[in-house]
Amino acid sequence: MAGGAREVLTLQLGHFAGFVGAHWWNQQDAALGPRTEGDSSPGELCPDVLYRAGRTLHGQETYTPRLILMDLKGSLNSLKEEGGLYKDRQLEAAVAWQGKLTTHREEEYPKNPNLQDLLSAEGVLNTDGVWRTKPIQNGKENGVRVWSDFLRVHLHPRSICVIHKYNHDGETGRLEAFGQGEGILKEPRYLEELEDRLHFYVEECDYLQILCDLHDGFSGVGAKTAELLQDEYSGRGVITWGLLPVPSSLGEPQKKIYRLLNTAFGLVHLTGYSSFVCPLSLGGHLGLRPKPPVSFPDLHYDATLPFHCSAILATALDTVTAPFRLRSSMVPMAHLADLLSFSGRKVVTAEAVIPFPLDPGQALPDILGQLGGTTPWTPLSACGDSAGSRCFAQSVVLRGIDRTSHTSKLNPGTPLPSALHACASGEEVLALYLQQQHPRVLSSSHLLLTPCRVAPPYPHLFSSFSHKGLALDGPPKGAAVQSIPVFGALRSSSSLYRTLGDLAEELARLDLRRWASFMDAGVERGDMEELLQDLHSLAQCYQEGNSLSN
């Protein structure tokens, strides 16, 4: 592919990871489609990094995500495990067989009516260039039940791996504990199935990324998967995105304790096998302390709906991963990891401004100058607000700003309001702004013309933005927002010293005798003691007075 080898294999582990992944792949798919007016640089991001070309058995060319996903029985609904691009091999074999044949079929899941609305409207624009499609009904009674309800992308037959041992629905047979997840990949059946898919994809890849649920037993699946990748493919970098839905304030005590334990075990084990781990959540805290979900100044969402929360996290993920998907001046994933995780700091946090508030007629120096030191960053890692903490390193991406708005629009001879207005390029404006906000901090910054795609089935979360993502004084007139500017950042900061330390303290206070069922799933008391030591050691890497920090 153009620009050198940098292909990435994505592993998607868990149901909430499926929600985030479905939105993310929909956004990638939308970027492959016809460009809208004003999209002046359609080729900034190279889709070959995430997609692979192939052919069906009948010679049809395909272009599918380079993806392996694992989920539980009952999570696919009407989506076939083998995908929809290839004909059913069993049916082809049946045609060739001349003997007696008995066919057994399970009852098919009914297709979600919202999915039918989306498919019927796919790719249809009005004459004014605006989408007029029926929105999903808030993910409730007739809305989204599982991630496959709104996935618009065809998957390769070797992408989906269903764990039939556990059920997605129901109160019994659920994958609840870290030890259960580890145990899945100790079973030859599932281990061989994963290895077979890895061998199919990894030979053509240089890097791997894992999207993994941390709150349930998939944290154990993720840990064993990362361990397998390090053992079998140690020359390839691995970054991990640990995903957590917003916790319910009315949840059962056992579920809350299991969530805490799964998160801690998953986080520590994944840091041992990954280049870095970034938790992603709209929750306010990783531990048991009740904190409200995060809020956005210009975005309205329902924190109880995975369909909403996952869309926001996918938007942030699509932005912060842009550096290693660039067609030119690409930053290899390994270099990004080296920037953020030096001195043992293998946990990083994510923040974003969604959408970036650019008014019509404004230039980038104007809006950044108005923000000053109060950039409305929203924390996306459930690690609290990083304001006031020390930043050790950061990777920042601002996307969706038209080139005509990169520099000052003031007439010649007009006194300049700030040093930002004197910059000759948008890249200089962004770099100077970051230097002013975080002096003497190792920073990587990228300014992209390409916005983030949010056309349906992305939920309708923006109440005062045009279909091109520009801020309006009032609500738009019936037009669904198609794309938005986004400001995203990955950071290594001293705020993690307190976050990881608090997590260790909450774990230390647990009476493990009350949670014997978690331990019986495959975790020993010695594992708990080692976990606490590892958490404290990890936290020390972020202490401001630590010699490593200097």
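Since the model is a prediction, treat every value here as computed from it, not as a measurement. For this chain, numbers begin at 1 and follow the sequence in order.
At least one side-chain heavy atom of Gln27 sits less than 4.5 Å from a side-chain heavy atom of Cys452.
By the 30° and 60° cut-offs, the orientation of the rings of Phe150 relative to His23 is tilted. Using cut-offs of 30° and 60° for the angle between ring planes, the Phe487 and Phe356 rings count as perpendicular.
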Between Trp24 and Phe19, is the ring pair (Phe, Tyr, Trp, His ring centres under 6.0 Å) condition met? List the steps. CA-CA 9 Å; Trp24 194 53; Phe19 267 85; over 10 Å; no
Side chain to side chain contact (heavy atoms under 4.5 Å, CB included) between Trp377 and Arg491, intermediate numbers included: CA-CA 12 Å; Trp377 293 109; Arg491 290 197 172 96; 3.5 Å; yes
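Judged by the 6.0 Å and 45° rule, Arg52 forms no cation-pi pair with Tyr63.
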Show me the donor-acceptor pairs within less than 3.5 Å that the side chains of residues 208-216 make with the rest of the protein, sequence neighbours left out.
residue : atom : partner : partner atom : Å
Gln209  : OE1  : Trp241  : NE1          : 3.1
Gln209  : NE2  : Thr10   : OG1          : 3.0
Asp213  : OD1  : Ala17   : N            : 2.7
Asp213  : OD2  : His15   : N            : 3.0
Asp213  : OD2  : Phe16   : N            : 3.1
Asp216  : OD1  : Phe218  : N            : 3.0

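Here the CG-OG distance, from Leu364 to Ser425, works out to 10.0 Å after rounding to the nearest 0.5 Å.
Tyr201 meets the side-chain hydrogen bond (donor to acceptor under 3.5 Å, both in side chains) test with Ser159; sequence neighbours excluded.
Of all heavy-atom pairs between Gly361 and Lys409, the closest is O-NZ, 3.7 Å. Scanning all heavy atoms of the two residues, the minimum distance from Ser275 to Ala337 falls at CB-CB, 3.6 Å.
Judged by distance alone, the side chains of Tyr542 and Thr499 never bring a donor and an acceptor atom under 3.5 Å apart. Side-chain contact annotation: Gln28 with Arg325, donor-acceptor N/O pair under 3.5 Å present.
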